[in-house]
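Below, read A as the first sequence line, B as the second, and so on, with proteins coming before strands; counting in each chain starts at 1.
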Amino acid sequence: MLIDAAVLGPPQVWEASGHLGNFSDPLVDCTNCKNRFRLDKLDDPDTCPECGEKNSFTEAREFNLMFKTFIGPGGTQPGYIRPETAQGMFVNFQRLLRHYRDRLPFGAVQIGKSYRNEISPRQGVIRLREFSQAEAEIFINPRNKTHPRFIEVADLVMTLYSKEGQERGETEEMTVGEAVEKGIMAHETLAYYVARTYQFLIEAGLSYDRLRFRQHKDDEMAHYAVDCWDAEALLDRFGWIEIVGVADRTDYDLKSHMAQSQANLTVYLPFDEPRKQEKLVVKPDMKKLGPLFRKGAKAVADALCTLPLEDLKRDPIVVEVDGENVEIDPALVSFEMVDEEIRGEEIVPHVIEPSFGIDRILYSVLEHSYREEMVEGETRAVLALKNRVVPIQVAVLPLMDRVELIAPAEEIAQILRSLDLRVEYDSSGSIGRRYRRNDEVGTPYSVTVDYETLEEGTVTIRDRDSMSQIRVKKDEVAEKVTALLKGEMEFSEAGSPLQS
RNA sequence: GCGCCGAUAGUGUAGUGGUUAUCACUAUGCGUUGCCAACGCAUAAACUCGGGUUCGAAUCCCGGUCGGCGCACCA
């Protein structure tokens, strides 16, 4: 389920997420050598480790990566702009749980802008103060991390850069099934989402040989996490950069929100078989304890309930209340062992978190799709986007800008548009220029209307990647183009080759 | 956040206090053109933003924003 939660949040949310604590560092500058340090990392908070100067530090300044603002009039209630979208899923956990009818697993995704006051937001689109994320939280049963649809991805081969692989500096090609079997990936569910991420990135247009999954080493992974894999894309300017992270964050986030908000963020999981358990039930006689102990009665009763069986059998019964031993007449307490049926338990789900950096993915898709090639001594620029992601699906071009060609071309364009295709009609300049222009923006197919269209009712379709052309009946263009766009038909089989 | 450098049409650029702000490509229009950036003519299009100095600022000064490099920070 896709949700759209608040961008602005009160401090409690970011307290629970750890962003207020961990994203905030006290920084000090040495007035002598101008170096900057984190106060909490200094051995001696009064001495500069660089130049040895004493008491040369400026006042510690809190530097937090979150943008702070104030909610409401008066300026007294602080608020923070989200540094990640993920918290929205935790904050709305109870709603989601109810939506999914109290059963595991379930998940939610969110797409939106996040904001970090980066100290050094360089490298263009790679590090921004305002960026787009798509994050999911998949809540699962910690006792069972298998995945029912794992078999669908088990044979998928991916390039993995495991912890061990990084020691050796080697990546390995491996199926997802093998990675789980060998214990390289922690469990099926994590592996399943890594695999789905891989499929998504390939479908979006990343190049096989410039994409890998790198496992976090133990020292870079958050202490509570079980396993974490980053999809990394190889880029000319930046080298390997992280574009997606998939982590098993265990129950850390939910527990942290529970502690902060006192809300019950657990799921009741019934056992397969109800379990029988003997339980000691203690019933203090409050009618008599009340008058006897007055205000202390409640504390006495509570203390009695925690006593083990053998202590209850004494006469008198001795309980400790507020550090004092109190004697109780056994007649004032009854107790018995009962067989209790336990049908299930409250558990805090674990969470698998795939987190996508949309800006970085978009940049990677563009770079991996772009190529230049020499054609008859000229450079041809091609944006070989996947059909799924092209902005223009088909261009309709009259061979020349003449009325007798324009009319049928416009008619074809209209038919294609009526099928909800994204169509570009262009009659300007030479046909060659128009082909190249469409190559540059990634248009996969160009339909050209020429004089044979008038004579024989056929048009040509040109393929962006191969520049080859086929001739098809005018009446079949819509059907053929649609099939080609869906990948249901090979280009060479869609029509007869053009003799030029 | 510090230091150094930079920012001129869509792109790449010329321009050292007074220019109608240069040139090419691109784009648009017309003509031409029988399938891969052809050609001709015309047109459109810019001084990063805010202050200041000056009779006059793209040009000099200060500040902001954005970008590059180094340091620091982050992951």
*Watson-Crick or G-U wobble partner of B:C39, both distances under 3.5 Å*: B:G31
*Say whether, by atom type as modelled, one donor and one acceptor occur between the side chain of A:R360 and the main chain of A:E242 under 3.5 angstrom.*
yes
*asked:* I need the CG-P distance between A:N438 and B:C35, as an integer number of Å.
replied: 18 Å
*A:K217 NZ to B:A75 P: how many Å, rounded?*
16 Å
*Quiz item: cation-pi between A:R462 and A:Y435, 6.0 Å / 45°*: yes
*asked:* Rounding to an integer number of angstrom, what distance separates B:C66 and B:A27 when you compare their P atoms?
replied: 32 Å
*Roughly how many Å is it from OH in A:Y451 to C1' in B:U33, rounded to a whole number?*
10 Å
*asked:* Would you compute the distance between atom CD1 of A:I243 and atom OG of A:S364 and round it to the nearest 0.5 angstrom?
replied: 4.5 Å
_A:F93/A:F106 aromatic ring centres below 6.0 Å_ = yes
_Euclidean distance for P, B:A58 against B:U65 (whole angstrom)_ = 23 Å
*B:G1 pairs with which nucleotide, Watson-Crick or G-U wobble, both distances below 3.5 Å?*
B:C71
*So what's B:A46 paired with, Watson-Crick or G-U wobble, going by both distances under 3.5 Å?*
none
*At their closest point, which heavy atom of A:P78 faces which heavy atom of A:F70, and how far apart are they?*
CA-CD2, 4.0 Å
*asked:* So does A:Y224 get a backbone contact from the side chain of A:T250, meaning a donor-acceptor N/O pair under 3.5 Å?
replied: yes
*Looking only at atom C1', what distance separates B:C71 and B:G56, rounded to whole Å?*
42 Å
_Nucleotide B:G34, atom P - distance to CG of A:L454 in whole Å_ = 14 Å
*Watson-Crick/G-U partner (both atom distances under 3.5 Å) of B:G18*: B:C55
*Length of the line joining A:E84:CD and B:A75:P, which is rounded to integer Å*: 13 Å
*Between C1' of B:C73 and CE of A:M66, the distance in whole Å*: 17 Å
*Assign A:R237 to base, sugar-phosphate, or nothing according to its heavy-atom contacts below 4.0 angstrom with the strands shown.*
sugar-phosphate
*What distance, rounded to whole Å, do you find between the two P atoms, one in B:G34 and one in B:A42?*
24 Å
_Heavy atoms from other residues, nucleotides or ligands near NZ of A:K473 exceed 12 (cutoff 6.0 Å)_ = no
*asked:* Between B:C47 and B:A9, how many Å separate the two P atoms, rounded to a whole number?
replied: 8 Å
*A:R127 side-chain proximity, nearest of B:C74, B:G34, B:C35*: B:C74
*asked:* Using the P atom as the point on both nucleotides, what is the distance between B:A46 and B:U22, in whole Å?
replied: 12 Å
*Can you tell me, in whole Å, how much space there is between the P of B:G18 and that of B:A57?*
11 Å
*Side-chain donor/acceptor of A:R212 to backbone N/O of A:L160, under 3.5 Å*: no
At a cut-off of 3.5 Å, list every protein nitrogen or oxygen paired with a nitrogen or oxygen from nucleotides 36-39 of chain B, distance to 0.1 Å.
{"residue": "B:C36", "atom": "O2'", "partner": "A:R436", "partner atom": "NH2", "Å": "2.7"}
{"residue": "B:C36", "atom": "O2", "partner": "A:R436", "partner atom": "NE", "Å": "3.4"}
{"residue": "B:C36", "atom": "O2", "partner": "A:R462", "partner atom": "NH2", "Å": "3.3"}
{"residue": "B:C36", "atom": "N3", "partner": "A:R462", "partner atom": "NE", "Å": "2.6"}
{"residue": "B:C36", "atom": "N3", "partner": "A:R462", "partner atom": "NH2", "Å": "3.4"}
{"residue": "B:C36", "atom": "N4", "partner": "A:R462", "partner atom": "NE", "Å": "3.0"}
{"residue": "B:C36", "atom": "N4", "partner": "A:M467", "partner atom": "O", "Å": "2.7"}
{"residue": "B:A37", "atom": "N7", "partner": "A:R436", "partner atom": "NH1", "Å": "3.4"}
{"residue": "B:A37", "atom": "N6", "partner": "A:E440", "partner atom": "OE2", "Å": "2.8"}
{"residue": "B:A37", "atom": "N1", "partner": "A:E440", "partner atom": "OE2", "Å": "2.7"}
{"residue": "B:A38", "atom": "OP1", "partner": "A:R433", "partner atom": "NH2", "Å": "3.1"}
{"residue": "B:A38", "atom": "OP2", "partner": "A:S430", "partner atom": "OG", "Å": "2.7"}

*Using a distance-only test with no angle check, is there a side-chain donor-acceptor pair under 3.5 angstrom linking A:Y115 and A:R82?*
no
*Could you check which nucleotide pairs with B:U11 in any of the strands shown, counting Watson-Crick or G-U wobble with both distances under 3.5 Å?*
B:A24
_Strand-adjacent residues in residues 396-408 of chain A, judged by heavy atoms under 4.0 Å from RNA chain B_ = A:L399, A:M400, A:D401, A:R402
*Using the C1' atoms only, state how far B:C4 lies from B:C74, rounded to an integer number of Å.*
23 Å
*Stepwise, does the salt bridge (Lys or Arg N to Asp or Glu O under 4.0 Å) test hold for A:R388 with A:E203?*
CA-CA 8 Å; A:R388 290 272 299 265; A:E203 269 188 61; 2.6 Å; yes
_Rounded distance (Å) that lies between atom C1' of B:A75 and atom CG of A:N117_ = 16 Å
*asked:* Parallel, tilted or perpendicular: which one describes the rings of A:Y198 and A:Y208, with boundaries at 30° and 60°?
replied: tilted
